[in-house]
Amino acid sequence: MRRSVLFLKNPGGDPSQVVVERRGAGCRVARDGHRDDFDASRLPDGRYSLLFEDGRQVSGRVQERPEGVRVFRRGEPATVSMSRGRPSSASLAAGAGEGGVEEIRALMHGRIVEVRFAAGDRVEPGALLLVLEAMKMQNEIRASRGGVVERCEVEQGQTVEGGAFLLSIRSDNN
Amino acid sequence: MRRSVLFLKNPGGDPSQVVVERRGAGCRVARDGHRDDFDASRLPDGRYSLLFEDGRQVSGRVQERPEGVRVFRRGEPATVSMSRGRPSSASLAAGAGEGGVEEIRALMHGRIVEVRFAAGDRVEPGALLLVLEAMKMQNEIRASRGGVVERCEVEQGQTVEGGAFLLSIRSDNN
Amino acid sequence: MGIETVAVFSDADRKAPHVAAADYAVRLGPPPARESYLSVAAILEAARKTKATLIHPGYGFLAENAAFARACSDAGLTFVGPPADAIEAMGSKTGSRKMMEAAGVPIVPGLTRPASTAAELKEFGRKAGYPILLKAAAGGGGKGMRRVDSEKEIEAAFARASSEAMAFFNDGAVYAEKLVEGPRHVEVQVIADRHGNRLAVGERECSLQRRHQKVVEECPSPVVGENLRKRICSAALAASAAVNYVSCGTVEFLLSPDGSFYFLEMNTRLQVEHPVTEEVYGVDLASEMIAIALGEPLSWKAEDLRPRGHAIECRIYAEDPSRDFAPSPGTIESLRLPAGPGVRHDIGVEQGSTVPIDYDPMLGKLVVWGPDRPRAIRRLSRALSEYEVAGVETTLPLFRRLCGDSDFQAGRFDVQWLERRLASALLESREPSDEDVLLAAAALSDETAPRGSTPAEPPASPWRRRARLESLRGAER
Amino acid sequence: MGIETVAVFSDADRKAPHVAAADYAVRLGPPPARESYLSVAAILEAARKTKATLIHPGYGFLAENAAFARACSDAGLTFVGPPADAIEAMGSKTGSRKMMEAAGVPIVPGLTRPASTAAELKEFGRKAGYPILLKAAAGGGGKGMRRVDSEKEIEAAFARASSEAMAFFNDGAVYAEKLVEGPRHVEVQVIADRHGNRLAVGERECSLQRRHQKVVEECPSPVVGENLRKRICSAALAASAAVNYVSCGTVEFLLSPDGSFYFLEMNTRLQVEHPVTEEVYGVDLASEMIAIALGEPLSWKAEDLRPRGHAIECRIYAEDPSRDFAPSPGTIESLRLPAGPGVRHDIGVEQGSTVPIDYDPMLGKLVVWGPDRPRAIRRLSRALSEYEVAGVETTLPLFRRLCGDSDFQAGRFDVQWLERRLASALLESREPSDEDVLLAAAALSDETAPRGSTPAEPPASPWRRRARLESLRGAER
């Protein structure tokens, strides 16, 4: 299983978290206290088809854009204010240290199952940096801002303690 | 300008060389003593459009397949027996040394402008290995067979003498 | 029509276009049709789950299954098709022949009940004259059919036809009929509602067949004039009335070169080739069929049905015509469809689609319309020159050759013509020209292009491939 | 038609579909139309180089330019269009009005020659009654038009209309006419050959306009009955006969709510909206136009022209309806076209195409046909729900809203109706629903997918980008 956390911007409030747990095509989305379970399949043409337990089927194309996530259903676009990283307007970017350097630390004891970047690599905002497996869950750790990886002190397969330093990113424009 | 050498299989004879010189969209193809000049543009859908000096226009899709190059014109496929490397049936693979190891050497004095692989990398047959610039021409050097890069003794920007060892490939199935 | 739709699918089709286009979708089972699309129980359960009220059986699978039609009614569902009794009556070759004879519809001289011994067949052969044709009584689609040219072939032919019939239909009964030489396959579209209205919507020419499967269909037939059209349409109406047929259906006839025609069978469903009739008559048969099922009267009167121009349909299969039509499963790497006036597509795949090996390899249908047959053929030829499918082999080259064939252009063919032409040089594949070599040279020397073919998506990384496999396993839970 | 084709192109269009579809292609010049598509010398040189014999001017640019038609004849080329004299006669608003009046074609009461002073306009206003409309005598496409509601506005309006006319057409002449209130735009398709045969192929309803540009066109008009059709078609034939018109052409009329109609202008070319006529009448106007140019007689007689059903065309532009139709250039990242019965596409882009900023941002046309207007609208609605363009904004949402609009459904509109509707809430964009949030969540959490949007090709590597720039420079040599 793999868990991702997404953020949904609320007009005039803190962004709400959208937690997605995936097991293959199986998808569980939790937000604002309610939960949806469905099968999500990526179609050959790049659209997604969601199939709910009552048989309801919804298909559409999803595009990430600077202004938000564009969702086309029956050809018609709508914009969902969703982002992979916590929206910067909330200025709560977890782990942000001084001097425009973001330090990423392990949230709990676990095993690093994937490392996507090395020191010197550029990362885009929202990029998947690491996957930390803990209690049989794969937790994605993403960049909240774009920048360059300054240090990376873990490698795949390594076990880390909660709070351990994993990597740091020097942000752009700082 | 960039020059590539392709090979056209002849039934019951040595393959003939097809030399392509490109300068942007400008294309000169020489083979069997005659020469064609045209503008070759890649279309948004992946097809190619050739435009000859007399205004003739030919468009088609090209796919590399194990059995040869498939060319679709007006939707109808035909197979051209063309390959990037000298066909192995000719068993003349330039620079093939003993023990299934292919040694690639510089054909003339020049400067290495691009190195695509490092020792340990896998290469596919026909893969572009290096680009050697000599007399203002970029010469592509390709693998004639698939295998693993054993040694690579040049780097980008380096000047080499004619005959200098560049890299070696240990072939598959030997 | 403002109706919400429920798609059913097997595991092979979770990502198929019909699923993504539906408001509801229900998994039936694993890919084999027996465990999914032929499972009456699974389909009725899907209807129950989604509170469906209408069931449309499509073209294949259970479309001509009387038991399924009955099971639908029993479950309180409206079956979009004819009454189960009509399906049943037309489902038996010998039974339907008897009914047609009684209704005055001409039939090919033949046995009125299945033969159980070779001796009965010999007697028939002597009376009707050779050649004769042996057929599985429960059959269809050409399976279990066998030509017999003289009495000395009877014994062996009967044994083989009977065992084939047993293998395909679990019923070894065989009957025999006179073989009409050089015939065409001409069929009449019929629509009938629950209020006693019954119309014939002209004929279709379906003589271009390979292994008894239609390949190209036209409307109208190039050899049917006003007078013959009237006669054959009345025969079709009589045939459908004899079984109290309601819904869309097709009465198939064998048309002899002398202008006489004989009832072959009635297809109790909407057929693959219905678009050519729609184009020429301006009717929407699929909607009409649903309206009829909902109890509405026909939306057309006989005098409003005025044919215009000529339509041709090509069935595009993922088969390699240069290798005896071997199936060519794979991924559609690129798909370019022609557009413009008089060009219509009914297509079930798109770029990136996988053509599965489990079902019928038909990719889609190309239908063209023109003011007359020569102009329809010209338009077809133009459309085919713009139709490009890469990734799998298709039957498109066959249609391109046909457009240039003088017999086809003149409408001179019978049901065996295509097979005879295929045995000759019709399908030699295109020789590469100088221009092909230059295109290949331009593409292979183009370092700005992605390598090799142009797939719909960038090739999967090993990591992605693993995740994809995982997600496939997930779908199989 | 078996004719080899030569495409001409500007540097912006080397990779455009019309080039790749042609047998020959010749570069005209750099992107600005003045240096390419409007350069008569470059076009004639292209014809000379490729030994072309026919020149088809298309819809825009030089299609209605008498000097170009004349230059073609002088160069020994056959111009696929009307005689230069007919283009010229219809090119002048005031000149054509005089000719129409003489031919008995009803015209809107107005000045028969341009006004040179405001006083002349005041006199006309007093006679005909307000509101009146000021128009550039040399104009078209709504440029330089100005409504005047009372005499006190005349001075200022005349000054502005005259200076606009000068700016757009290099000719400050202005004429005035009575403003018909609540009118529809109805036009008649005319075809005429060199042998004196002349036919009217029914009317088109083109009242749905924005800024005097047609947005949706229909055939037939929902308000034109048999009797009115006869009258307006005879007027159109008289109009075309008055200028000895040969080729395809369109006579535009203003139709008043009281059933009276007035000649507006004649378009001396094939129009963008010609497919709706083709669908309903079963004619191929583009081929007919070429046959006429080749000296052939019309392939139709009046009694063979029988309209059937109803067709609607939507012009799909790369414009953002939610931002006052601002142009939306960019790359077509994905394109899904609806298929099936009665759906036709005339489209000039494909997935991966770049929508340039240099020319008209029309991506293509969607044309649907149905047995009657309500069913055509239902089909249009279905087709629009399957039509997906990602990468640029389009006018598709406008058409989707229209299908659900009760005035549109009832055919209740005039030429100003769409502008009035646009000023209200017609174009509020779709609010994201729960389902959109779940689709977004599913896509953003899918690690098996390529990141972000799905472009037609994998994103270019810096190395490839360099080579591509190089190749672009190459094309500019």
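Letters A, B, ... are given to chains in the order of the sequence lines, protein chains preceding strands, and every chain is numbered from 1. Because the structure is predicted, anything quoted here is derived from the model rather than measured.
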Which atoms of S59(A) approach chain D - backbone, side chain, both or neither, heavy atom under 4.5 Å: backbone

R401(D)/E76(A) salt bridge by N-O under 4.0 Å criterion: yes

Ion pair check, R142(A) and E447(D), cut-off under 4.0 Å: yes

Value rounded to 0.5 Å, distance of CG in D45(A) from CD in E388(D): 7.0 Å

Electrostatic pair R65(A)-E333(D), nearest N-O below 4.0 angstrom: yes

Heavy-atom pair with the smallest gap, counting every atom of T79(A) and P432(D): O-CG, 3.2 Å

Any donor-acceptor N/O pair, R61(A) side chain to A390(D) backbone, under 3.5 Å: no

S433(D) and R73(A) side chains, donor-acceptor separation under 3.5 Å: yes

Portion of A40(A) that has a non-hydrogen atom of chain D nearer than 4.5 angstrom: side chain

Over 12 non-hydrogen atoms of neighbours within 6.0 angstrom of CZ in R373(D): yes

Electrostatic pair E435(D)-R56(A), nearest N-O below 4.0 angstrom: yes

Test log, rule side chain to side chain contact (heavy atoms under 4.5 Å, CB included), inputs L438(D) and F52(A): CA-CA 11 Å; L438(D) 296 179; F52(A) 296 87; 3.7 Å; yes

Point-to-point distance, once rounded to the nearest 0.5 Å, from CZ of F72(A) to CG of D436(D): 11.0 Å

Minimal non-hydrogen separation, L444(D) against E64(A), with atom names: CD1-CG, 3.8 Å

N-O pairing of R2(A) and D446(D) below 4.0 Å: no

Region of T394(D) that comes under 4.5 Å of a non-hydrogen atom in chain A: neither

Flag, side chain of R336(D) to backbone of G75(A), donor-acceptor distance under 3.5 Å: no

Choice from A442(D), G391(D), P338(D) maximising heavy atom contacts with chain A below 4.5 Å: A442(D)

Closest non-hydrogen atom pair between A441(D) and V20(A), with its separation: CB-CG2, 3.9 Å

Exceeds 12 heavy-atom contacts within 6.0 angstrom, atom CZ of R323(D): no

Side-chain ion pair, R70(A) and E393(D), N-O less than 4.0 Å: yes

Rounded distance [0.5 Å steps], OG in S445(D) versus CZ in R28(A): 14.0 Å

Distance in Å, D36(A) CG paired with D434(D) CG, rounded so as to fall on 0.5 Å steps: 7.0 Å

